[in-house]
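Input: a single structure, listed below in structure tokens.
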There are 2 protein chains.
Amino acid sequence: MATETVENYIKAIYVLCRESPSGEAGVVRLAHEVGVTKGTATSMIKRLAKLKLVKAPRYSGVTLTAIGKRVALDVLRRHRIIETFLVSTLNLDWSDVHEEAERLEHALSPRTLDRLDEFLGRPSTDPHGDPIPSASGKVLELRGKALSAYVKGTKVEIVRILDQDRSFLKFVAQSGLKPGVRVTIDAVSPQGDSITLQVKRGQSVTLSQNAAAKILARLQ
Amino acid sequence: MATETVENYIKAIYVLCRESPSGEAGVVRLAHEVGVTKGTATSMIKRLAKLKLVKAPRYSGVTLTAIGKRVALDVLRRHRIIETFLVSTLNLDWSDVHEEAERLEHALSPRTLDRLDEFLGRPSTDPHGDPIPSASGKVLELRGKALSAYVKGTKVEIVRILDQDRSFLKFVAQSGLKPGVRVTIDAVSPQGDSITLQVKRGQSVTLSQNAAAKILARLQ
DNA sequence: TTTATAAGTTTGACTACTCAAACTTATTTG
DNA sequence: CAAATAAGTTTGAGTAGTCAAACTTATAAA
Ligand SMILES: [Mn+2]
Ligand SMILES: [Mn+2]
Ligand SMILES: [Mn+2]
Ligand SMILES: [Mn+2]
């Protein structure tokens with residue numbers, strides 16, 4: 001079995017590969033993501049390569065092998081089911097659960113995970129709208145487009161928040177922008193680099209294009 | 001904060017001190033409990049002493065300091081609340097939850113633990129009848145006497161199973177001897193080294209004195 | 001009271017993980 | 001294209017945790 005540290009690296013590599021257009025994870029960003037120096041990340045990558053979890057040509061980007069991808073999806077499944085439990089059953093704050101799940105995800109046996117999943121009614125997404133991979137390792141990553149991609153007047157439904165940063169999540173929640181909420185694109189200002197949404201009548205929120213890019217929504 | 005390993009040692013020392021009449025934990029038994037060699041246990045004890053968690057005179061038994069005792073009760077509280085959750089909410093098997101809680105107990109933040117405790121209705125004992133220490137570190141260890149201490153004809157209520165061994169727990173559960181169950185002492189045979197209980201009408205169980213000593217019960 | 005044995009300690013070596021700092025290769029940019 | 005800079009690697013050292021085996025001290029038996 002992979003250690004807690006290995007699981008964290010693999011999950012981070014999965015996320016980074018998904019984000020980068022080249023489909024590869026860079027060492028510096030990986031190091032930053034897991035909170036270590038780049039030298040440490042390099043040596044860990046070597047170990048992961050020896051474990052057949054990643055492919056890492058020298059002086060180039062890291063990618064997951066099929067086995068590595070499977071490990072990542074397992075960890076992600078655990079992480080998101082736990083987050084769902086913490087929010088929907090224990091009523092913990094939406095913006096706090098990530099750190100907690102970060103530790104708990106390494107301590108759940110398959111059986112307990114399945115019981116938890118059953119108890120929660122087999123949810124398909126977590127509180128942030130992140131899709132929960134199936135037990136067999138399948139996941140539908142793309143649902144919706146970035147808020148910044150819609151034009152003025154469009155009515156959309158928030159489906160996912162891509163950033164796990166606590167303060168950003170806190171701000172998003174404060175603005176009433178949880179997954180499932182419907183908003184109207186009120187104004188788009190390329191000069192001001194901002195976008196304004198109407199959440200309810202009389203309540204509008206202005207976001208930078210950058211922030212709006214981290215919130216996914218779909219039509220209707 | 002204490003590492004996972006440190007927490008495991010401290011908890012084991014707490015349990016061993018409670019069991020031994022001298023109130024001290026031996027290195028060999030501690031090593032066995034934690035699953036390491038005695039040399040490893042010795043070197044860990046040194047670290048624990050440096051951390052002011054234990055007192056360990058050379059070539060003699062280990063005892064917890066006040067700080068160490070506090071750590072032990074914190075871990076025990078987490079362990080037992082988790083076990084309660086796994087059994088009463090997720091319907092996991094009574095005899096399986098110990099191993100699971102053994103890992104989860106190191107991953108729960110105080111806030112999440114409190115929410116879980118609240119969700120469960122602030123239970124006072126876990127599924128094995130073990131008392132759950134309070135958040136402030138208080139615990140009532142002694143409730144009931146060993147089954148082997150009662151005489152023939154006595155009607156008692158099972159309150160606690162002292163052994164966490166899976167096969168023993170499985171046997172106990174199979175025999176219908178959970179905490180809360182009422183039984184009658186049917187026969188005591190000093191020669192046969194055994195004791196026979198009537199659980200329901202027509203259902204009786206025979207235990208060795210040794211096994212009966214690990215099951216606590218109280219009158220009525 | 002000696003002696004065998006159990007309990008406890010020490011030593012040397014190993015894996016997993018980490019950092020700082022020097023170094024090498026790749027990528028920008030003037 | 002050459003120089004500057006960013007990205008990636010290597011080296012040396014350190015902590016946490018572990019084992020096997022040799023060793024020392026305490027305890028129980030003879
Ligand atoms: Mn994690
Ligand atoms: Mn999430
Ligand atoms: Mn444990
Ligand atoms: Mn228990």
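What you see below is based on every heavy atom in this structure, not just the backbone, and it leaves out hydrogens, waters and symmetry mates. Order of the sequence lines sets the chain letters (A, B, ...), proteins ahead of strands, with each chain counted from 1. Owing to the predicted nature of the structure, the values given are computational and were not obtained by experimental measurement.
The two residues L147(B) and I195(B) make their nearest non-hydrogen contact at O-CD1, 3.6 Å.
Distance M44(B) CE to dC19(D) P: 11 Å, rounded to the nearest Å. One interatomic measurement links the two molecules: CD1 of I45(B) to P of dT18(D), which rounds to 12 Å at whole-angstrom precision. For the pair Y59(B) OH and dC23(D) P, the computed distance is 13 Å after rounding to whole Å. Between the C1' atom of dT15(D) and the CD atom of E4(B) lies a distance of 17 Å, rounded to the nearest Å. In this structure, L48(A) places its CG atom 11 Å from P of dT18(C), rounding to the nearest Å. In this structure, L51(B) atom CG and dT15(D) atom P are separated by 14 Å, rounded to whole Å. In this structure, the CD atom of E24(B) is 13 Å from the C1' atom of dA26(D), given to the nearest Å. Atom CG of L53(A) is separated from atom C1' of dA16(C) by 15 Å (rounded to the nearest Å).
From K178(A), atom NZ reaches atom CD1 of I215(A) across 13.5 Å, with rounding to the nearest 0.5 Å.
Side chain of R115(B) to main chain of L90(A): a donor-acceptor pair is present (N/O by atom type, distance under 3.5 Å, no hydrogens or angles). Checked by atom type and distance alone, the side chain of T84(A) pairs as donor or acceptor with a backbone atom of R80(A) at under 3.5 Å.
Between dA16(C) and Y9(A), no contact under 4.0 Å exists linking OP1 or OP2 to a side-chain N or O.
A tilted orientation is assigned to the rings of W94(A) and H128(A), their planes being inclined by 30° to 60°.
Contacts between residues 26-43 of chain B and DNA chain C, counted as heavy-atom distances below 4.0 Å, involve G26(B), V27(B), V28(B), K38(B), G39(B), T42(B).
A cation-pi contact, defined as under 6.0 Å to the ring centre and within 45° of the axis, links R18(B) to Y14(B).
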